[in-house]
4 protein chains.
Amino acid sequence: MTDTNKKSQGRPRSTQAHQAMLQATLELLAEFGFDGMSIDAIAVRAGVGKPTIYRRYSSKEELVADAIESVRQDVVIPNTGNLWDDIDELIQNAAQITLSPLGRKTVAMIINSASNNSQFAQIYCTKYLQPRKQAFAVVLERAKARNEIQADLDPGLVFDTMSAIMLYALIFQPTPESWEAYVRRALRLCIS
Amino acid sequence: MTDTNKKSQGRPRSTQAHQAMLQATLELLAEFGFDGMSIDAIAVRAGVGKPTIYRRYSSKEELVADAIESVRQDVVIPNTGNLWDDIDELIQNAAQITLSPLGRKTVAMIINSASNNSQFAQIYCTKYLQPRKQAFAVVLERAKARNEIQADLDPGLVFDTMSAIMLYALIFQPTPESWEAYVRRALRLCIS
Amino acid sequence: MTDTNKKSQGRPRSTQAHQAMLQATLELLAEFGFDGMSIDAIAVRAGVGKPTIYRRYSSKEELVADAIESVRQDVVIPNTGNLWDDIDELIQNAAQITLSPLGRKTVAMIINSASNNSQFAQIYCTKYLQPRKQAFAVVLERAKARNEIQADLDPGLVFDTMSAIMLYALIFQPTPESWEAYVRRALRLCIS
Amino acid sequence: MTDTNKKSQGRPRSTQAHQAMLQATLELLAEFGFDGMSIDAIAVRAGVGKPTIYRRYSSKEELVADAIESVRQDVVIPNTGNLWDDIDELIQNAAQITLSPLGRKTVAMIINSASNNSQFAQIYCTKYLQPRKQAFAVVLERAKARNEIQADLDPGLVFDTMSAIMLYALIFQPTPESWEAYVRRALRLCIS
DNA sequence: CGGTAAGCGAGACGGTACGTCGCGTCTTAAG
DNA sequence: CTTAAGACGCGACGTACCGTCTCGCTTACCG
């Protein structure tokens with residue numbers, strides 16, 4: 001019986017070329033920004049043919065999204081024994097990612113793509129935000145167990161508010177104080 | 001100094017052409033989005049030559065900013081005698097603007113531009129957010145006078161949080177409930 | 001059937017693959033022309049890998065030349081006892097080859113290659129034209145023996161003129177009359 | 001009356017750019033040949049944008065045809081008082097054009113395009129061959145008037161035969177004698 | 001009130017980047 | 001070993017916009 005197995009034939013895709021194009025993408029993203037970088041430039045920097053990029057990704061958005069995905073940090077669940085210390089750790093963690101030049105560009109790109117393309121927004125929610133929301137829920141559960149906050153506090157809503165404030169502060173820089181301090185102050189409003 | 005004042009000579013700029021290009025810009029912004037629309041297309045739609053556009057604006061951002069400016073509503077300061085009714089009115093007002101197809105695109109464009117271009121972000125803060133922040137402060141002052149909220153509540157911070165949540169909910173649509181209800185629920189966290 | 005369809009080890013498909021690629025080449029030559037056909041398309045149509053083609057031929061010209069070679073007819077020497085009947089037979093014979101869709105493309109390719117590449121032109125002269133020139137010389141000798149034409153007529157020159165007119169009429173289609181009739185009429189000029 | 005006159009609006013096409021691209025085309029045609037030259041290279045050499053070329057011509061063939069057209073010599077009608085002197089002059093004239101390096105490339109390109117594209121062949125017949133055919137007819141008429149040739153000789157057919165021989169000799173170089181001598185000898189066959 | 005200078009629609013310009021296609025080479029797994 | 005499959009680096013293709021530059025025509029002001 002011929003099991004018409006749809007297994008991969010031919011030369012497999014080069015992981016080396018793939019890595020090179022992701023690396024080049026990140027470099028150029030940080031250097032010139034999303035709009036300022038061309039696929040040609042990525043291909044040249046990576047030492048790769050343009051079709052090799054288009055074979056994997058059908059748009060710059062996809063490519064950049066995957067490049068970001070490839071360097072994303074694991075989710076951390078701080079557990080200091082105190083809610084606000086946990087939150088400070090989360091804020092510090094977010095600050096490390098978002099306050100670097102690359103981080104700012106990355107966030108801008110994500111917001112840009114998400115606001116123009118709701119499909120991208122959903123993907124980002126599912127792949128990036130959801131795991132962090134669950135990690136944050138754990139933090140709040142522990143705080144509830146320690147009676148630091150009210151038991152009926154909606155962890156998802158608080159997480160969304162925190163994320164919202166983080167992005168807002170990143171984009172509009174509303175006060176001269178530090179991003180971390182500002183985010184912390186805004187969270188004070190929401191949590192007891 | 002030369003008293004020969006450099007007043008306008010020759011044919012003055014056509015207000016008709018100006019109106020047409022702003023209108024066309026808004027239509028195409030709603031139809032194709034910021035990145036998806038071309039200056040050529042705006043010129044054709046408006047029945048206007050490209051140089052006529054570039055004589056007035058030196059970039060797509062400027063043109064679009066002015067087009068948005070031209071249809072912006074006046075700031076309203078609700079005064080129902082009750083804080084949450086005032087807030088509901090503000091939310092409704094924001095919803096009317098942001099939940100239309102044009103509104104969504106507009107917001108997307110603003111966020112996009114602001115996140116890529118901090119100068120644009122500052123202009124937007126100054127010209128759009130600041131007046132609304134002051135109006136909101138009035139609303140909160142009245143509520144404080146009615147003892148509905150604590151006297152030490154920072155109105156600017158609350159406004160920022162509200163704005164942040166509005167944008168976040170608009171971009172990521174985190175829950176199936178209505179945008180207005182979601183924003184209201186998040187605000188409940190912050191205000192007493 | 002005693003064994004599997006896919007027989008053997010070592011090099012079982014060599015001639016089969018070769019035949020397939022020649023056949024595919026001829027089909028695509030007739031369908032899309034020399035410039036319009038790609039090596040990729042030939043490989044796919046023949047069910048053959050591209051390297052299998054490049055192992056045999058180092059250029060499209062070579063491959064096509066061999067494909068044409070593989071279907072070439074033998075030289076015929078008509079002998080009706082009358083010069084113009086002999087010539088008519090030669091013209092008919094040429095018409096069969098050149099007036100088919102494949103034939104036209106083939107001739108176009110040969111002329112193309114010959115006019116760009118004098119080496120190819122010499123090869124074509126030697127391998128294709130020379131035998132026919134000699135056959136034609138035999139026909140004219142017989143006619144001279146029958147006193148149908150002058151004894152000092154240069155057979156090579158007449159053959160060249162005939163070939164030239166055939167190609168010219170094929171390319172430029174100068175008159176609405178049939179190709180055969182036109183060629184015959186032109187030959188009447190040259191031969192008595 | 002509403003004479004919807006289709007007059008030229010907007011900036012007129014630059015004759016300077018046009019000249020530059022034709023010149024660059026001829027240079028690159030002689031340097032690299034038809035297949036070996038790219039539109040990009042023409043654009044760069046001419047100091048012209050690619051779209052400026054494509055605005056005028058929709059294919060390389062068209063561009064090259066026009067470039068050749070632009071340097072083509074006027075039709076000459078020799079009138080020495082003797083048929084064979086007239087013919088020799090025509091042959092010399094043709095030799096000057098076709099035996100130069102550029103001339104050979106040009107002829108190759110024309111034959112190539114004509115044999116692959118019957119539309120191009122028709123255009124070439126009409127724009128190039130037809131005027132020369134008529135000029136040749138005048139030469140033969142004069143010879144008839146001088147009783148040098150038979151009155152019923154078809155001038156078009158003789159012209160076609162001459163053209164055919166010229167092309168054939170150019171492509172296949174059938175004899176070691178000079179091109180001019182060979183063409184002359186072949187014509188001797190046809191004209192009494 | 002007539003000249004004139006700026007503005008106008010139209011559209012061509014030199015460029016840049018796009019996404020696709022075909023080339024000829026290479027790298028697999030299967031036989 | 002060779003084969004079929006197919007990815008690879010390369011580079012040309014033809015298109016879409018960019019922002020600028022002529023054109024020939026209004027049109028409103030200023031002398």
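Chain naming here is simple, since letters A, B, ... match the order of the sequence lines and numbering starts at 1 in each.
- Per the geometry, CD belonging to A/Q9 stands 7 Å off C1' belonging to F/dA4, to the nearest Å.
- What separates CG of D/L28 from P of F/dA12 is a distance of 12 Å, to the nearest Å.
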In sequence, state the C-alpha distance, the side-chain angles, and the governing distance for B/Q122 and B/T126, and then conclude on side-chain hydrogen bond (donor to acceptor under 3.5 Å, both in side chains).
CA-CA 6 Å; B/Q122 287 312 313; B/T126 306; 5.2 Å; no
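- Rounded to a whole Å, the CZ atom of A/R13 is 17 Å from the P atom of F/dA5.
- More than 12 heavy atoms of other residues, nucleotides or ligands sit less than 6.0 Å from atom CD of D/E69.
- Looking at which nucleotide of DNA chain E each of B/G47 and C/M37 is closest to, the 5′-most match is held by B/G47.
- For A/K50, whose side chain is taken as the heavy atoms from C-beta onward, the closest listed nucleotide among F/dG6, E/dC18, E/dA12 is E/dC18.
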With a 3.5 Å cut-off and sequence neighbours excluded, list the donor-acceptor pairs that the side chains of residues 19-33 of chain A form with protein atoms.
{"from": "A/Q23", "atom 1": "NE2", "to": "A/E27", "atom 2": "OE2", "distance (Å)": "3.2"}
{"from": "A/T25", "atom 1": "OG1", "to": "A/M21", "atom 2": "O", "distance (Å)": "2.6"}
{"from": "A/E27", "atom 1": "OE1", "to": "A/R45", "atom 2": "NH1", "distance (Å)": "2.6"}
{"from": "A/E31", "atom 1": "OE1", "to": "A/R45", "atom 2": "NH2", "distance (Å)": "3.2"}

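- Each of B/S38 and C/G49 lies near DNA chain F, and the nucleotide nearest C/G49 is the one positioned closer to the 5' end.
- Nearest-nucleotide positions on DNA chain F place A/P12 closer to the 5' end than the other of A/P12 and D/P12.
- For the pair A/R45 CZ and F/dG9 C1', the computed distance is 18 Å after rounding to whole Å.
- Protein atom CE of D/M21 is 11 Å distant from nucleotide atom C1' of E/dA12, rounded to whole Å.
- Taking atom CZ of residue D/R11 and atom P of nucleotide F/dT22, one finds them 6 Å apart after rounding to whole Å.
- Between C/T52 and C/R56, some side-chain heavy-atom pair lies under the 4.5 Å cut-off.
- Nearest nucleotide to the A/D40 side chain, out of F/dG6, F/dC18, E/dA17: E/dA17.
- Side-chain atoms of A/V64 and A/M37, non-hydrogen and from C-beta on, do get closer than 4.5 Å to each other.
- With F/dC8, F/dG9, E/dC18 as the choices, the nucleotide that has an atom nearest any side-chain atom of A/I39 turns out to be E/dC18.
- Atom pair B/Q16:CD and F/dT26:P shows a separation of 15 Å (rounding to whole Å applied).
- Of the residues in residues 51-62 of chain B, those placing a heavy atom less than 4.0 Å from an atom of DNA chain F are B/P51, B/Y54, in numerical order.
- A residue-by-residue look at A/G10 and B/H18 shows that B/H18 has its nearest nucleotide of DNA chain E further toward the 5' end.
- At least one side-chain heavy atom of B/H18 sits under 4.5 Å from a side-chain heavy atom of B/D66.
- When distances are taken from the side chain of D/A17 to each of E/dC18, E/dG14, E/dA10, the shortest belongs to E/dG14.
- Look at CG on B/D35: it is 12 Å from P on F/dC17, rounded to the nearest Å.
- C/L63 has its side chain within reach of C/I42: a pair of non-hydrogen atoms, C-beta onward, lies under 4.5 Å apart.
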